A.B. asks: 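Starting off with a structure, shown below.
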Amino acid sequence: MIEVELRNWRPDDVPAVLAAFRAPDMARQAARPIDTPEAALEWMALWGFRDDARGFAVVAGGEVVGNVAVSNIDAHDTGWVSYWTSPHARGRGVAVAAATKLAEWAFRERGLFRLELGHRLDNPASCAVATRAGFAVEGVERAKIRYGTVRHDVERHARLATD
């Protein structure tokens with residue numbers, strides 16, 4: 001598995017964030033366009049000021065190549081995991097390594113018990129990441145998310161601290 005480092009987002013990461021969100025599949029994931037340095041800084045800042053979430057820049061070979069986060073942390077010690085990698089870094093195991101490291105951090109440092117994640121059924125790459133990072137398939141949630149006017153079924157995965 002590729003070696004990755006998880007660290008806080010920094011202002012000098014703006015170019016990496018802007019480059020990542022230029023990819024059409026990434027642009028669809030953002031609540032609003034991340035196409036200016038100000039928008040990138042705002043996006044990064046959100047991860048540093050929330051009690052219910054923590055996001056990390058994923059660094060491989062000295063370069064920021066993605067994001068991994070746990071959000072929606074609730075009173076049941078459950079959190080929602082998300083991840084992305086820059087298009088040029090995909091297919092090298094970066095997301096698997098980052099999701100694995102995030103899970104270890106969330107269980108050890110945040111004291112979470114359950115981590116959940118979901119992916120569209122038409123995203124086999126994300127499914128492979130989840131499975132390889134130890135997240136078991138739990139089922140399909142019909143029409144769970146909407147991008148534009150299209151609703152998508154989502155496959156739910158989870159990993160427990162006891163797994």
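Remember, it's a predicted structure, so these values are computed and weren't measured experimentally.
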A.B. asks: Between T36 and L18, which heavy-atom pair has the shortest distance, and what is it?
C.D. replies: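 Looking at all heavy atoms of both residues, the shortest contact is O-CD2, 3.4 Å.
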A.B. asks: Would a single hydrophobic cluster contain both W105 and I2, if residues Ile, Leu, Val, Met, Phe, Trp and Tyr are joined by side-chain heavy-atom contacts under 4.5 Å?
C.D. replies: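 Both belong to a single hydrophobic cluster.
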A.B. asks: Evaluate side-chain contact (heavy atoms from CB on, under 4.5 Å) for R7 paired with V64, printing each intermediate quantity in order.
C.D. replies: CA-CA 10 Å; R7 65 158 172 78; V64 173; 3.2 Å; yes
A.B. asks: Flag yes if more than 12 heavy atoms outside R108 fall under 6.0 Å of its CZ atom; otherwise flag no.
C.D. replies: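 Correct, the count exceeds 12.
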A.B. asks: Report, as yes or no, whether the 6.0 Å neighbourhood of atom CZ on R120 holds more than 12 heavy atoms from other residues, nucleotides or ligands.
C.D. replies: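 Count over threshold, so yes.
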A.B. asks: If I compare all heavy atoms of T100 with all of V96, which pair ends up nearest, and what's the gap?
C.D. replies: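 For T100 and V96, the tightest heavy-atom pair comes out as OG1-O, 2.8 Å.
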A.B. asks: Do side-chain atoms of T78 reach the backbone of D74 as a donor and acceptor pair under 3.5 angstrom?
C.D. replies: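 No; zero donor-acceptor contacts below 3.5 Å.
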A.B. asks: Where do V17 and V14 land on the side-chain contact (heavy atoms from CB on, under 4.5 Å) test, with the steps shown first?
C.D. replies: CA-CA 5 Å; V17 172; V14 164; 5.8 Å; no
A.B. asks: Side-chain heavy atoms under 4.5 angstrom apart, residues restricted to Ile, Leu, Val, Met, Phe, Trp, Tyr: same cluster for W47 and V70?
C.D. replies: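 Looking at the clustering, V70 is in a separate group from W47.
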A.B. asks: Would you indicate whether the side-chain heavy atoms of T162 and R114 approach each other to under 4.5 Å?
C.D. replies: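 A side-chain contact under 4.5 Å is absent here.
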A.B. asks: I'd like to know if E141 and R156 make a salt bridge, using a cut-off of under 4.0 Å between side-chain N and carboxylate O.
C.D. replies: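 Salt bridge between E141 and R156, a charged N being under 4.0 Å from a carboxylate O: yes.
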A.B. asks: For S126, does its backbone N or O pair with a side-chain atom of Y83 as donor and acceptor, under 3.5 Å?
C.D. replies: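 Here the side-chain-to-backbone pair exists.
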A.B. asks: When you compare the side chain of V58 with that of T85, does any pair of heavy atoms fall below 4.5 Å?
C.D. replies: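 Of all side-chain heavy-atom pairs linking V58 with T85, none is under 4.5 Å.
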A.B. asks: Return the CD to CD distance between E109 and E104, rounded to the nearest 0.5 Å.
C.D. replies: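 Reported value, rounded in 0.5 Å steps: 11.0 Å.
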A.B. asks: Does the side chain of W84 reach to within under 4.5 Å of the side chain of M26, using non-hydrogen atoms?
C.D. replies: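 Side-chain contact under 4.5 Å: yes.
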A.B. asks: Is there side-chain contact between V94 and R90, with heavy atoms separated by less than 4.5 Å?
C.D. replies: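 Sidechains of R90 and V94: no contact.
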A.B. asks: Considering all heavy atoms of both residues, which atom of C127 and which atom of E155 are nearest to each other, and what is their separation?
C.D. replies: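 Smallest interatomic distance, heavy atoms only, reads SG-OE1, 3.3 Å.
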A.B. asks: Give the C-alpha distance, both sets of side-chain angles, the deciding distance and a yes or no for side-chain contact (heavy atoms from CB on, under 4.5 Å) between K101 and F56.
C.D. replies: CA-CA 11 Å; K101 230 174 214 194; F56 297 96; over 6 Å; no
A.B. asks: Over all heavy atoms of both residues, which pair between A57 and D13 is shortest? Give the atoms and the distance, please.
C.D. replies: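 Looking at all heavy atoms of both residues, the shortest contact is CB-OD2, 4.4 Å.
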A.B. asks: Ignoring hydrogens, what is the shortest heavy-atom contact between N123 and H119? Give both atom names and the distance.
C.D. replies: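 Scanning both residues completely, I find the closest heavy atoms to be O-ND1, 3.7 Å.
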A.B. asks: Can you establish whether the number of heavy atoms outside E138 located under 6.0 Å from its atom CD is more than 12?
C.D. replies: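 Yes.
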A.B. asks: Closest approach of D51 and R110, non-hydrogen atoms and distance?
C.D. replies: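 The answer is O-NH2, 3.1 Å.
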A.B. asks: Under a 3.5 Å threshold, yes or no: a donor from one side chain and an acceptor from the other, between W9 and N67?
C.D. replies: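 Yes - a donor-acceptor pair under 3.5 Å links their side chains.
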A.B. asks: Determine, stepwise, if the pair H88 / V65 fulfils side-chain contact (heavy atoms from CB on, under 4.5 Å).
C.D. replies: CA-CA 8 Å; H88 74 279; V65 293; 4.2 Å; yes
A.B. asks: Side-chain heavy atoms under 4.5 angstrom apart, residues restricted to Ile, Leu, Val, Met, Phe, Trp, Tyr: same cluster for L46 and L6?
C.D. replies: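 No, L46 and L6 fall in different hydrophobic clusters.
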A.B. asks: Give a yes or no answer on whether the side chain of H157 reaches the backbone of F135 with a donor-acceptor pair at less than 3.5 Å.
C.D. replies: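 Answer holds: yes.
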A.B. asks: Over 60° means perpendicular and under 30° means parallel, so tell me whether F21 and W43 are parallel, tilted or perpendicular.
C.D. replies: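 F21 and W43: perpendicular rings.
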A.B. asks: Examine distances only and state if a side-chain atom of S86 and a backbone atom of A89 form a donor-acceptor pair shorter than 3.5 Å.
C.D. replies: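 No.
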A.B. asks: Do I145 and V150 sit in one hydrophobic cluster, given that two such residues count as connected whenever their side-chain heavy atoms are within less than 4.5 Å of each other, even indirectly?
C.D. replies: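 Different clusters.
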A.B. asks: I need the E116 CD to R159 CZ distance, nearest 0.5 Å.
C.D. replies: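 Interatomic distance, E116 CD to R159 CZ, rounded to 0.5 Å: 14.5 Å.
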